[in-house]
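What follows is a set of notes on a single structure, which appears directly below.
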Amino acid sequence: MSGTQFGKGCHLHLIDGSAFIFRAYHALPPLTRKSDGLPIGAVAGFCNMLQRYVEGNTGPDAPTHVAVIFDHSGKSFRNDLYDQYKANRPPAPEDLVPQFPLTREATRAFNIACKETEGFEADDIIATLACQARDAGGRVTIISSDKDLMQLVGDGVEMLDAMKNKRIDSDGVREKFGVGPDRVVDVQALAGDSVDNVPGAPGIGIKTAALLINEFGSLEELLDRAEEIKQPKRRQTLIEKREQIEMSKTLVQLDCEMALDFTLDELEVRDPDPEVLLGFLSEMEFRTLTKRLADQLGQEAPTIPETAAPAAQADLPEAPGFDVAEYTTVRDAETLQQWIDRIREHGYVAVDTETTGLDEMIADLVGICLCVTPGQACYVPLTHKAGNSGDLFGSDDLAEGQMPLEQALEMLKPVLEDDAILKIGQNMKYDAKIFVRNGIDVAPIDDTMLLSYALHGGLHGHGMDTLSERYLDHQPIPIKSLLGTGKSAITFDRVPIDEATPYAAEDADITLRLWQQFKPQLHQKQVTTVYETLERPLVPVLAQMERHGIKVDRDTLSRMSNAFSQKMAALESEIHELSGESFNVGSPAQLGEILFDKMSLPGGKRGKNGKYSTGADILEDLATEHELPARVLDWRQLSKLKSTYTDALQEHIHPETGRVHTSYLQTGANTGRMASSDPNLQNIPVRSEEGRRIREAFVADEGNVLLSLDYSQIELRILAHVAEIDALKQAFADGHDIHAMTASEIFDVPLDEMTSEIRRKAKAINFGVIYGISGFGLARNLRIPRGEAQGFIDRYFERFPGIRHYMDDTVNFAKEHGYVQTLFGRKIHTPEIAAKGPRASFAKRAAINAPIQGTAADVIRRAMVRMPEAIAHLPARMLLQVHDELIFEVPEGHVDETISVARKIMEGAADPAVHMDVKLVVDAGRGQNWAEAH
DNA sequence: GACATCACG
DNA sequence: GACGTACGTGATGTCC
């Protein structure tokens with residue numbers, strides 16, 4: 001056959017590669033390569049399907065030419081026609097993404113042509129090839145079950161559903177669409193397609209569409225003569241939505257005349273090269289398949305070492321030391337293109353951005369580093385300024401030898417947004433936010449900080465320096481050595497490029513090395529699900545919340561600040577008068593001396609630095625003795641509110657957005673909780689009346705409302721579930737007041753005789769249990785004798801013995817394994833549990849608390865991950881998270897629906913991963929400001 | 001930079 | 001039997 005021109009007698013097979021991939025992915029469990037944990041299930045299934053396909057190619061239907069056609073990642077020309085095209089399609093699963101390039105490799109290993117084209121979908125390539133083959137007089141079989149391809153059937157073109165082994169010809173198409181292949185697009189244009197988000201004509205499905213097309217002959221005829229339609233609603237739709245219908249047709253119409261950079265002749269069937277094919281299969285560690293194909297090809301099967309993972313790691317080629325690393329500066333497009341080519345070859349890249357500051361809402365991009373191989377990284381300087389770091393009046397001109405920013409971004413954008421290329425970073429949320437401000441939506445991503453958090457939570461911090469020293473035995477170049485410290489510190493754009501390159505490139509290099517080490521461990525440590533469902537997908541969600549921010553009214557804060565100042569001044573003179581001397585009220589040391597030495601008040605205890613303690617609890621006790629401590633308490637409250645909130649918050653209002661943009665630290669708390677900083681919006685006052693008014697400054701944008709949805713008693717509910725306390729479960733099921741119920745049980749008081757004082761005690765005990773109760777702690781909290789507190793606890797354990805078992809079991813588990821777990825499988829390490837003395841006591845209480853606090857944290861993370869999609873059809877925005885509460889902003893008209901949708905997501909957040917015996921309940925509030933909404 | 005204090009869940 | 005003690009955070013001001 002070789003050298004024959006495609007024509008009569010030839011038979012072209014066109015395989016829809018994406019359909020193969022997704023079918024393979026869903027048909028197989030999430031297999032990973034044994035030596036390094038690389039996800040490999042879809043590739044395995046894909047190879048099996050290719051093998052079966054090749055094997056079945058005998059007889060009259062055997063092809064002379066064949067190609068596997070893939071969708072090129074990214075957007076197609078249809079997105080230019082309609083930006084919503086395929087917009088509701090969920091992104092590819094994370095563990096599938098790294099497998100996309102491998103399926104291309106597999107195709108080539110089978111020596112089958114493998115084609116994809118940027119800006120076009122696989123369907124268009126298939127259409128163009130099918131038309132070319134048909135016009136040349138050949139026969140075509142499209143191996144796919146995608147109905148969008150049915151318009152191509154006829155004239156020697158057929159489809160084959162490989163799963164059902166069913167051929168589809170013109171009759172088959174007529175069965176499916178009610179019209180012949182030539183009118184399929186007309187029907188699709190009318191019926192639309194919810195999967196691809198093609199709008200079509202509302203209210204018209206395939207049946208009706210076929211009826212209309214058959215009646216009028218064509219879509220154009222139908223639209224021109226729409227007035228003749230009898231049904232008024234249908235007539236109106238067709239007239240009013242004409243433009244939308246015509247646009248839909250252009251979306252579903254496949255392009256048969258694409259300019260291809262290859263010809264049909266190049267698709268001729270070829271035998272695989274045994275060495276290449278078996279090499280690929282054994283590299284993937286497919287034992288069965290390698291052997292089967294080796295037998296078929298009459299070759300000796302290459303041996304695949306039966307290595308356990310840790311041994312395999314030792315087998316990996318030793319990464320070069322950091323001292324011999326090759327770090328280059330990229331100064332022109334040609335060199336950058338070489339790096340981009342390398343990235344595309346690998347299918348992943350470690351990325352790091354250098355910027356002018358730490359606030360990603362304000363900092364500007366200075367340069368980008370890339371790394372695909374340990375020890376080889378590049379730095380692309382973009383906006384470094386001329387003039388050296390020592391020059392105080394450094395020029396604002398750009399330094400020589402840098403690519404134009406726009407050009408570099410334009411070249412990198414397709415790579416950074418490519419679904420098939422994994423972008424690896426350390427704290428990628430930061431870099432992603434910088435990129436968004438430069439018009440690039442980085443995805444998909446992996447994050448070494450989050451990998452470490454999932455793997456090592458509780459063992460150590462997850463910053464780059466810690467990780468590098470710990471896992472790579474390498475101390476990174478300190479940023480201070482480039483920027484200096486304090487007042488004389490410079491910004492990164494003032495660092496000479498020659499100095500910047502080794503620092504920046506090293507960060508990307510470290511990130512890549514960490515990723516190579518951590519990623520396979522997810523599977524071994526059984527935290528893949530935690531990482532994939534609770535950590536990785538949260539990154540874009542948080543990034544969006546942070547970028548959106550919450551509106552804060554400066555005037556409200558400013559007025560309150562002035563009021564606080566006046567009150568403080570009055571209190572201060574009163575305090576000075578009472579003490580008989582002028583001193584700094586804000587100095588605990590000076591206050592302590594006044595109270596306990598000069599005035600000889602009782603209860604003077606010295607802390608570890610030899611100073612008297614003057615904490616609020618001590619001053620409260622002293623308040624019965626003297627007026628002064630009470631005044632100091634008042635002053636302190638105002639001082640706190642003013643400095644931390646009314647004043648500091650104003651500094652955080654973004655000059656352009658007028659909103660406050662906090663930053664969430666996903667790895668902030670060992671338990672799985674997040675932390676908020678710059679500013680911390682998770683500790684805005686609420687407990688005191690005076691403080692709560694601060695929340696009035698957090699307002700909804702014009703025409704909008706703030707919503708607050710919070711989990712009711714989530715930690716106690718989780719405790720009831722994990723400790724299996726039937727009485728508690730029942731109380732939650734019946735909707736009873738849980739603290740009153742507890743009080744009734746342990747103090748033997750009937751519910752109708754309950755007093756607020758008894759209930760308060762029970763509430764303290766309930767919280768105490770969650771925190772790993774001790775007689776001393778409860779006694780201090782309730783200000784009762786220690787013996788009495790211990791009595792309460794004893795009675796509590798008597799009534800709810802399950803609690804004691806839970807505590808003992810949890811501590812024992814921690815001692816045995818070195819960690820405890822949440823219901824979702826998050827591991828929180830407790831290295832101190834083996835310590836002696838008070839440290840062990842701390843660790844025990846932390847171990848008791850962690851699964852409860854951590855499970856609650858996991859629950860709300862699940863809700864947050866699912867929220868954007870759930871509210872996508874609403875003009876609602878999720879703004880803040882405060883541990884068990886989510887804050888939304890939504891136009892007035894959509895309040896009720898938003899509450900109902902968000903509540904459903906939150907209450908169902910544990911499902912289906914975890915079944916809870918106790919239902920989760922969410923309370924909702926609304927208002928013009930946060931005080932009203934809460 | 002350590003410490004004390006206090007804001008939140 | 002003594003140890004110290006509720007769990008998890010971040011921001012601020014003082015003082016060295």
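Proteins come first, then strands; the chains are lettered A, B, ... in the order of their sequence lines, and each starts at number 1.
Put simply, the side chain of Gln682(A) and the base of dC8(B) share no donor and acceptor less than 3.5 Å apart. Evaluation of atom-type donor-acceptor distances gives a pair under 3.5 Å for the side chain of Ser774(A) against the base of dT5(C).
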Are Ile887(A) and Leu707(A) close enough, and set up right, to give a side chain to side chain contact (heavy atoms under 4.5 Å, CB included), and what steps lead you there? CA-CA 6 Å; Ile887(A) 308 293; Leu707(A) 305 183; over 6 Å; no
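For the residue pair Glu885(A) and His934(A), a side-chain donor N or O sits within less than 3.5 Å of a side-chain acceptor on the partner.
Arg692(A) comes within contact range of no nucleotide atom at all, as no heavy-atom separation falls under 4.0 Å. At a threshold of 4.0 angstrom between heavy atoms, the contacts of Asn680(A) are confined to the sugar-phosphate backbone, with no base atom among them. Counting any heavy atom pair closer than 4.0 Å across all strands shown, Phe842(A) reaches sugar-phosphate atoms only and no base atom. No contact: Ala840(A) has no heavy atom under 4.0 Å from any strand. Within 4.0 Å (heavy atoms only), Ile770(A) reaches no atom of the nucleic acid at all. Contacts of Ala850(A) with the nucleic acid, taken as non-hydrogen atoms under 4.0 Å apart, are absent. When heavy atoms are screened at a 4.0 angstrom cut-off, Asp884(A) is found touching the sugar-phosphate backbone but no base atom. The residue Glu715(A) sits apart from the nucleic acid: no heavy atom pair falls under 4.0 Å. Using a 4.0 Å heavy-atom distance criterion, Gly615(A) is classed as a sugar-phosphate-only contact. Counting any heavy atom pair closer than 4.0 Å across all strands shown, Ser639(A) reaches no nucleic acid atom. Residue contacts shown for Glu885(A) are absent, as no nucleic acid heavy atom lies under 4.0 Å away.
For Leu778(A), taking side-chain heavy atoms from C-beta onward, the closest of the listed nucleotides dA6(C), dT9(C), dC8(B) is dA6(C). The side chain of Arg780(A) approaches dA6(C) more closely than any other nucleotide in the set dT12(C), dA6(C), dG9(B). Of the candidates dT9(C), dT5(C), dC6(B), the closest approach to any side-chain atom of Lys640(A) belongs to dC6(B). With distances taken from any side-chain atom of Asn781(A) to the nucleotides dT12(C), dT5(C), dA6(C), the minimum falls on dA6(C). Closest to the side chain of Tyr771(A), out of dG10(C), dG8(C), dG9(B), is dG9(B). The side chain of Pro685(A) has dA7(B) as its nearest neighbour among dG8(C), dA7(B), dA6(C).
Per the geometry, CE belonging to Met674(A) stands 19 Å off P belonging to dC8(B), to the nearest Å. Ile684(A) has its CD1 atom 13 Å from the C1' atom of dC6(B), to the nearest Å. If you measure from atom CD1 of Ile852(A) to atom P of dA6(C), you get 18 Å, rounded to the nearest angstrom. A straight line from CG of Asn683(A) to P of dC7(C) spans 19 Å, rounded to a whole angstrom. Spacing between atom CD of Gln590(A) and atom C1' of dC3(B) amounts to 15 Å, rounded to whole angstrom units. Tyr796(A) places its OH atom 14 Å from the C1' atom of dA6(C), with the value rounded to the nearest Å. In this structure, CZ of Arg786(A) is placed 11 Å from P of dA2(C), rounded to the nearest angstrom. Taking atom CD1 of Ile618(A) as the reference point, atom P of dA4(B) lies 11 Å away to the nearest angstrom.
The phosphate of dG13(C) has neither OP1 nor OP2 within less than 4.0 Å of any side-chain N or O from Asn584(A). Of the side-chain N and O atoms in Ser587(A), one or more sit less than 4.0 angstrom from OP1 or OP2 of dC15(C). Side-chain N/O atoms of Arg845(A) include none lying less than 4.0 angstrom from OP1 or OP2 on dT5(C). Close to dC8(B), at under 4.0 Å from its OP1 or OP2, lies a side-chain N or O of Arg687(A). Within the 4.0 Å cut-off from OP1 or OP2 of dT5(B), at least one side-chain nitrogen or oxygen of Thr614(A) is found. Side-chain nitrogen and oxygen atoms of Arg673(A) include none within less than 4.0 Å of the OP1 or OP2 phosphate oxygen of dG9(B). At dA7(B), none of the side-chain N or O atoms of Gln637(A) fall inside 4.0 Å of OP1 or OP2 (strictly under the cut-off).
Rounded to the nearest Å, the gap between the P atom of dA6(C) and that of dC6(B) is 15 Å. Here the separation of dT5(B) from dC3(C), taken at their C1' atoms, is 26 Å to the nearest Å. Between dA2(C) and dA7(B), the distance separating the two C1' atoms is 35 Å to the nearest Å.
Pairing for dC3(C) is absent, with no Watson-Crick or G-U wobble pair whose two atom distances lie under 3.5 Å. Nucleotide dC3(B): paired with dG13(C) (Watson-Crick or G-U wobble, both distances less than 3.5 Å).
Taking the six-membered ring for Trp and the full ring otherwise, Tyr819(A) and Phe813(A) have centroids separated by under 6.0 Å.
Figure legend: Arg606(A) and Tyr612(A) shown as a cation-pi pair, the cationic atom lying under 6.0 angstrom from the six-membered ring centre and within 45 degrees of its axis. Remark: Arg845(A) qualifies as a cation-pi partner of Phe842(A) under the 6.0 Å distance and 45° angle criteria applied to the six-membered ring.
Salt-bridge annotation for Arg693(A) and Glu689(A): absent, with no side-chain N of the basic residue lying under 4.0 Å from a carboxylate O of the acidic one. One finds a salt bridge joining Lys429(A) and Glu546(A) here, because a Lys/Arg side-chain nitrogen approaches an Asp/Glu carboxylate oxygen to under 4.0 Å. Salt-bridge annotation for Arg695(A) and Glu932(A): absent, with no side-chain N of the basic residue lying under 4.0 Å from a carboxylate O of the acidic one.
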